[in-house]
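When reading the values below, keep in mind they use all heavy atoms of this one structure, side chains included, and skip hydrogens, waters and symmetry mates. So you know, we letter chains A, B, ... as the sequences are listed, proteins then strands, and number each from 1. Computed from a predicted model, the values in this text were never measured in an experiment.
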Amino acid sequence: MIEFDRVVKYYGTHRALDGVSFTVPDGCVTVLIGPSGCGKSTSLKLVNRLLEPDDGYVRVNGRPVKSFAVEELRRGIGYVIQSAGLLPHMTVQDNIGLVPRLLGRDKAWRRARARDLLDLIGLDPHAYARKYPSQLSGGEAQRVGVARALAADPPILLMDEPFGAVDPLNRETLQNEFISLQRKLKKTVIFVTHDLDEAVRVADRIVLLQDGLVIQEAAPEELLGRPSNAFARDFVGTDRALKRLGRFSVSDYMSHDTRRVGTKDHASVPVDATLREALSRILAIPSDEISVIDAQNRTLGSISLEAIRRAGCGGESS
Amino acid sequence: MKARSSHIVPIVIGLCLVFGSFIFSVGFREMVLRALFPATRELIYLRTGLPHMLGEHLSLVLLSSVLASIAGFSLGVFVTRPYGREFLPLVRGLSSFAQTFPPVAILALAFPVLGFGFRPTVAALFAFGILPVLNNTIEGIESVDASLIEAAQGQGMTPGQVLLQTELPLAAQVIVAGIRTSVIINIGTATIGATIGAGGLGTVIIAGLVRNNTAFVFTGAITAAGIALATDWLFSRLELVFFNPQDGVRSGHDSTRHSS
């Protein structure tokens with residue numbers, strides 16, 4: 001668990017963080033979000049002590065980060081930054097093996113680890129291990145950046161706009177890969193972004209910041225459903241109800257009564273889709289109900305506009 | 001690259017043979033000079049042999065360049081460290097000011113203090129040779145992307161590891177280019193050392209100027225030019241070996257950054 005306890009940080013006379021407190025639970029993705037200059041990147045860098053607070057405490061598992069030797073602390077925390085920050089004079093496998101090397105792991109171990117991680121992030125080890133960063137696309141470099149952060153198997157990952165420099169199409173792929181990776185690895189992640197869609201997609205919890213203050217700390221559904229003030233409402237936008245539907249799965253709101261499904265049209269929605277997707281599909285057909293299918297195209301039941309509306313209004317799943 | 005160098009190698013070997021014969025074979029030198037300066041009676045400078053003068057010249061350049069490179073490099077690294085950074089503007093200002101000094105002036109200033117001969121010349125060459133190395137060390141290190149350094153720190157590198165494993169490898173090419181410039185300038189400047197008795201190839205040039213003997217001037221000048229070219233070529237080979245364009249150091253990793 002990572003705690004921010006009334007943290008204050010100045011840049012010159014500018015108060016970048018004005019007494020920020022929030023907690024980052026273990027095994028979850030906590031997204032720090034807010035407009036430019038809100039203090040989200042600053043907060044992140046306080047955790048691995050690239051910055052030091054002027055007041056207050058940052059604690060990891062109850063222990064103030066100040067009490068760790070700074071290099072030890074950083075070697076135990078994976079760090080992913082925008083545009084990857086790979087060292088251009090090292091090969092992909094040497095970049096991935098960087099932290100293990102600093103920790104004294106031998107060459108054979110690092111090679112094997114780099115190959116495993118390349119496999120994990122979906123890059124062919126034979127093709128990529130010996131490449132240099134300048135030979136990678138933006139998305140590939142970013143994947144390698146994630147692999148490097150995971151190399152020493154740290155329990156904590158800090159991700160500073162990790163997909164911000166990647167084009168929108170690749171960004172979504174990377175986000176989905178990250179989500180499924182996180183499901184396996186269960187790291188404690190702090191993820192900084194200014195992109196609300198990205199936050200809603202990857203977050204277990206969202207901390208909304210403005211001018212160095214925490215405005216709201218909540219699950220994405222709650223932030224979108226009940227923004228705490230005018231700024232939060234503006235920030236989540238007028239389509240917040242729609243965004244919120246993206247957090248819910250069709251499988252939780254569908255009816256399993258297969259007899260109700262009409263056969264007048266062939267429209268259907270996969271059972272693992274979100275309610276947002278289901279709504280979009282229903283709006284495209286004349287009916288108020290759409291059949292739900294599994295990966296083998298078998299009809300499992302249906303979902304109605306009414307059920308989606310109830311979910312959207314904040315009704316809990318039944 | 002390979003195809004080009006295979007053409008160049010025989011030419012380089014040929015040039016080295018001609019140049020070597022010119023220096024070490026008095027007969028060959030006389031033949032060349034006679035062809036170039038048929039009117040001149042005295043073609044060969046007899047007081048000191050050309051190989052000896054070349055040896056003096058090279059030891060002047062080698063000693064001063066090694067010292068200048070070490071000093072310029074160390075000072076450049078020092079002023080880019082957190083504890084030395086406050087000296088950066090001062091050092092930058094001084095070094096660009098010092099570069100406007102002609103080397104002769106430094107020599108003129110050095111010999112009343114250090115006397116005649118080898119030492120003041122080495123001192124002057126040293127002082128003059130520091131500047132390109134210093135400038136390039138600063139520029140090379142400063143040009144390393146700040147986000148890369150932060151990334152390196154964020155992975156848990158100590159300040160020494162950041163310097164040795166991130167900053168210096170990425171700045172190396174620019175630093176070596178500075179050393180190259182420094183050495184080449186010193187090879188030319190070292191000829192002035194003869195005016196205060198340091199020996200070297202300047203000896204025969206000055207003798208030629210005094211006696212109005214173009215063949216002497218030519219002998220010294222062509223030899224100095226030859227070793228300058230050879231040194232330059234050696235450095236370019238060195239850069240090709242150490243900084244293979246394939247490894248991406250040259251192209252770097254371009255990054256688009258957004259502030260947050």
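The local environment of CG in B/L90 is crowded, with over 12 non-hydrogen atoms from other residues, nucleotides or ligands closer than 6.0 Å. When the shell of 6.0 Å around CZ of B/R119 is examined, it contains 12 or fewer heavy atoms from other residues, nucleotides or ligands.
Options A/E72, A/K45, A/R75 differ in how many heavy-atom pairs under 4.5 Å they form with chain B, and the most are formed by A/R75.
Identified by a heavy-atom distance below 4.5 Å to chain A, the contributing residues of residues 160-168 of chain B are B/Q161, B/Q165, B/T166, in residue-number order.
There is no contact between A/R130 and chain B, counting heavy-atom distances below 4.5 Å.
Legend: residues meeting salt bridge (Lys or Arg N to Asp or Glu O under 4.0 Å) with A/K131, ordered by chain and number and at least two apart, are absent.
Formation of a donor-acceptor pair under 3.5 Å by the A/R74 side chain with backbone atoms of B/Q155 is not found in this model.
Between A/R148 and B/A151, the closest heavy-atom pair is NH2-CB, 4.2 Å.
With rounding to the nearest 0.5 angstrom, the CG atom of A/L51 is 7.0 Å from the CD atom of B/E150.
Looking only at side-chain heavy atoms (C-beta outward), B/L148 and A/P88 come within less than 4.5 Å of each other.
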